[in-house]
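Input: a single structure, listed below in structure tokens.
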Amino acid sequence: MINQEDFFKKIIAHAKEYGFVFQSSEIYDGLSAVYDYGQNGVELKNNIRNYWWKSMVQMHENIVGLDSAIFMHPTTWKASGHVDAFNDPLIDNKDSKKRYRADVLVEDHLAKIEGKINKEIEKAEKRFGDSFNREQFISTHPRVLGYNEQIADISKRLYGAMDNNDLSAIKQLIEDLEIVCPISGSRSWTEVRQFNLMFSTQIGATADGASHIFLRPETAQGIFVNYLNVQKSGRMKIPFGIAQTGKAFRNEIIARQFIFRMREFEQMEMQFFVRPGEEFKWYDYWKKERMNWHLSLGIPAQKYRFHDHEKLAHYANAAADIEFEFPFGFRELEGIHSRTDYDLAAHQQFSGKKLQYFDPEINESYVPYVVETSIGLDRMFLAMLSHAYHEEKLEDGSERVVLKLPAILAPYKVAILPLVKKDGLPEKAREILDTLKPDYMCHYEEKDAIGRRYRRHDAIGTPYCVTVDHQSLEDNTVTLRDRDSMMQERINIHELPGILHNRLRS
RNA sequence: GCGGGCAUGGCGCAGUGGUCAGCGCAUCAGUUUCCCAAACUGAGGGUCGUGGGUUCAAAUCCCAUUGCCCGCUCCA
């Protein structure tokens, strides 16, 4: 049995060897955590995206699509909270190897001093009993006064440094306060560093102060800022959803595990707008709905699990992940979040534009609540690839590598193979190719022995191989070979489109 | 970001200071066979991740750097 680590390496090697995933700029030694999709990878990725789009947009009459730009007005990210939340001064303790937010360390220190003050107050309360005057005690007791002075002094330094982005001043403050690591108890700190998780670039000829813009760190905000456009122009009635797929960018501190965490990645998101108070109903609904989507691909249920968030992000009042069992364990694949009216309310405030909905049923206007489903396309790709990868030992003792991808996701649906490349078989095979090509990604191949061609298509997950042999010329039949069972059946060429149509639906 | 490991043709690997750097698979051309990685003949493909250094001599030793994997960490 191979261990998980080796298994993962095999998948990465397979992905490269068969044109699924290449490292970006490989000839220049690559770019960390950026990958390109090759000739087969792009098909698989497109198929996943289409399958999602179809199930979300085509199959729901109250969900419509959107394709918003990657560049957005910088205020978008102030309103969303990304500018603040994605700009943390971080510091590492060299002994415990733990990383902390530098400002939080100082704030914890402040809390400790406040704790001391409270102790003094408690002590005094006990001593003086009913005659205790809290205000007077605080304003006169020398030790409490000293503590309060400390707090004021530290706060001034901290927030002054934060406002000026003065990282070395924060480091100095931590040193002066002799703050120790809660884990190692040591004062061996690295420098304070700023991690900005948003990529930025410049855009010319914009309004003052807007020339510095970000690459979006999530696609959701493009939906929120277009909420009113879509609702009005589409005459959408709540509850309704807006779906979008697209690239997002995060300058991850560490981005690793192949395409699991990339700096440039693609999201498939749907924001569902609901009446306030009904968000939990819809949250539960979409949790179930999204899990069913995953299961509809025929992946065993035990590969998936929910993970309910205990600690919620600043915008959420409920959140769960759908986790998938990747080769390196269960990890987040999709998030379902109840985002409340946080985003729309923030955009309303920052833009000064009303983002409300008049609900005729209750005769009331309100800022809708939002339930979000957000899945990483690249993660879904990796999930499918790693689940599909099998090494099989055959009855004759030989081995094969086969990608048991759901047929609907496979890069090629059908390979059309003349048994030999003479006697008119290639011509016959190309006739079949021409009839199937408009409907399916097909692959024609005449080189090498038939068994080898079957194996090549096993390795990229082609669910069916059509083989043209000498009998085909006599009675117009071909063999249809199934990827997973390797079984063959002889069918009439005229039946081929119908049979493929039925079998390739899932 | 810290610690550990790794980097040699497309893939998997051998080669730990000294002949022109090899092997298997794969690729290409041809012959032959034809239903599950057949055989034969021939061919192409690597300045050993990159840059320095030590040495008469470096894939091999040292330093730096880039990338990947693992652990910690982080994760909207």
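For clarity, every value in this text was computed on a predicted model and none was experimentally measured. Each chain gets a letter, A, B and so on, in the order its sequence line appears, and its residues count up from 1.
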Atom NE2 of A:H14 and atom P of B:G10 are separated, to the nearest Å, by 18 Å

To the nearest angstrom, the CD1-P distance between A:I27 and B:U50 comes to 14 Å

Whole-Å distance, A:E17 CD to B:U27 C1', equals 11 Å

Quiz item: Does A:F214 have its ring centroid less than 6.0 Å away from the ring centroid of A:F71?
Solution: no

When rounded to the nearest Å, what value does the distance between C1' atoms of B:U33 and B:U50 take? 48 Å

pair_partner(B:G45), Watson-Crick or wobble, both distances < 3.5 Å, evaluates to none

Of the listed B:C69, B:C68, B:C11, the closest approach to the A:S32 side chain comes from B:C68

**Prompt:** Rounding to the closest angstrom, what is the interatomic distance between B:A14 and B:C23 at atom C1'?
**Reply:** 7 Å

Would you measure the distance from the C1' atom in B:G51 across to the matching atom in B:C36 and give it in whole Å? 49 Å

The Watson-Crick or G-U wobble partner of B:C20, with both key distances under 3.5 Å, is none

The answer to which of A:H309 and A:A13 contacts RNA chain B further toward the 5' end, by nearest nucleotide, is A:A13

| task | Determine the interatomic distance between C1' on B:C72 and the same-named atom on B:U60; round to the nearest Å. | result | 32 Å

Quiz prompt | Euclidean distance for P, B:U55 against B:U65 (whole angstrom) | solution = 23 Å

| said: Strictly below 4.0 Å: does A:K16 bring a side-chain N or O up to OP1 or OP2 of B:C11? | reply: yes

Protein and nucleotides 41-47 of chain B: nitrogen or oxygen contacts under 3.5 angstrom:
none

### Task
For the residue pair A:Y227 and A:F240, categorise the inter-ring angle as parallel (less than 30°), tilted (30 to 60°) or perpendicular (more than 60°).
parallel

When rounded to whole Å, the CZ to P distance for the pair A:F224 and B:A76 reads 16 Å

When rounded to whole Å, the CZ to C1' distance for the pair A:F326 and B:C70 reads 18 Å

Separation of B:C75 atom P from A:E218 atom CD, nearest Å, is 16 Å

Re B:U50: Watson-Crick or G-U wobble partner, both distances kept under 3.5 Å, found to be B:A64

query = Do the ring centers of A:F326 and A:F8 come within less than 6.0 Å of each other?
reply = no

Say we look at B:G67 and B:G49: how far apart would their C1' atoms be, to the nearest angstrom? 8 Å

Within residues 367-376 of chain A, those residues having any heavy atom closer than 4.0 Å to RNA chain B are none

Next item on the list: Fit a plane to each ring of A:H457 and A:Y412, take the angle between them on a 0 to 90° scale, and name the class: parallel (under 30°), tilted (30 to 60°) or perpendicular (over 60°).
Entry: perpendicular

**Prompt:** Taking the C1' atom of each, how far is B:C56 from B:C61, in whole Å?
**Reply:** 16 Å

Using Watson-Crick geometry (N1-N3 plus N6-O4 or O6-N4) or G-U wobble (N1-O2, O6-N3), each under 3.5 Å, B:U55 is paired with none

If I pick the P atom on B:G52 and the same atom on B:A59, what distance separates them, to the nearest angstrom? 14 Å

Ring-plane angle category for A:F273 and A:F224, please: parallel below 30°, perpendicular beyond 60°, tilted otherwise. perpendicular

Pairing partner of B:U31, by Watson-Crick or G-U wobble and under 3.5 Å for both distances, is B:A39

Separation of B:C68 atom P from A:M262 atom CE, nearest Å, is 12 Å

Under a 3.5 Å threshold, yes or no: a donor from one side chain and an acceptor from the other, between A:H82 and A:Q221? no

Between A:E266 and the options A:R49, A:R216, A:K247, A:R379, the salt bridge (Lys or Arg N to Asp or Glu O under 4.0 Å) test singles out A:R49

Margin query: Does either side chain, that of A:Y389 or that of A:E391, offer a donor lying less than 3.5 Å from an acceptor on the other one?
Written below: yes

| task | Could you verify whether a donor N or O on one side chain and an acceptor N or O on the other, from A:Q244 and A:T219, lie under 3.5 Å apart? | result | no

| request: Please find out if less than 6.0 Å separates the ring center of A:Y35 from that of A:F258. | output: yes

Among B:C69, B:C68, B:C28, the one nearest any side-chain atom of A:K447 is B:C28

> Do A:T479 and A:R490 meet the criterion of a side-chain donor-acceptor pair at a distance under 3.5 Å?
Replying inline: no

A:F328 CZ to B:C75 C1', in whole Å, measures 13 Å

query = Going by atom types only, do A:N476 and A:K428 share a side-chain donor-acceptor pair under 3.5 Å?
reply = yes

Under a 4.0 Å heavy-atom criterion, the protein footprint on nucleotides 33-38 of chain B, written with B, S and -, is SBBBBS

Identify whether the distance between the nearest side-chain nitrogen and carboxylate oxygen of A:E278 and A:R275 falls below 4.0 Å. yes

Exercise. When you check the side-chain N and O atoms of A:H387 and A:E325, is any donor under 3.5 Å from an acceptor?
Worked result: no

message = What I want to check is whether an N or O donor and acceptor connect the side chain of A:H82 with the base of B:A76 at under 3.5 Å.
response = yes

Nearest-nucleotide check on RNA chain B, A:E26 vs A:R331; residue mapping nearer the 5' end is A:E26

pair_partner(B:C2), Watson-Crick or wobble, both distances < 3.5 Å, evaluates to B:G71

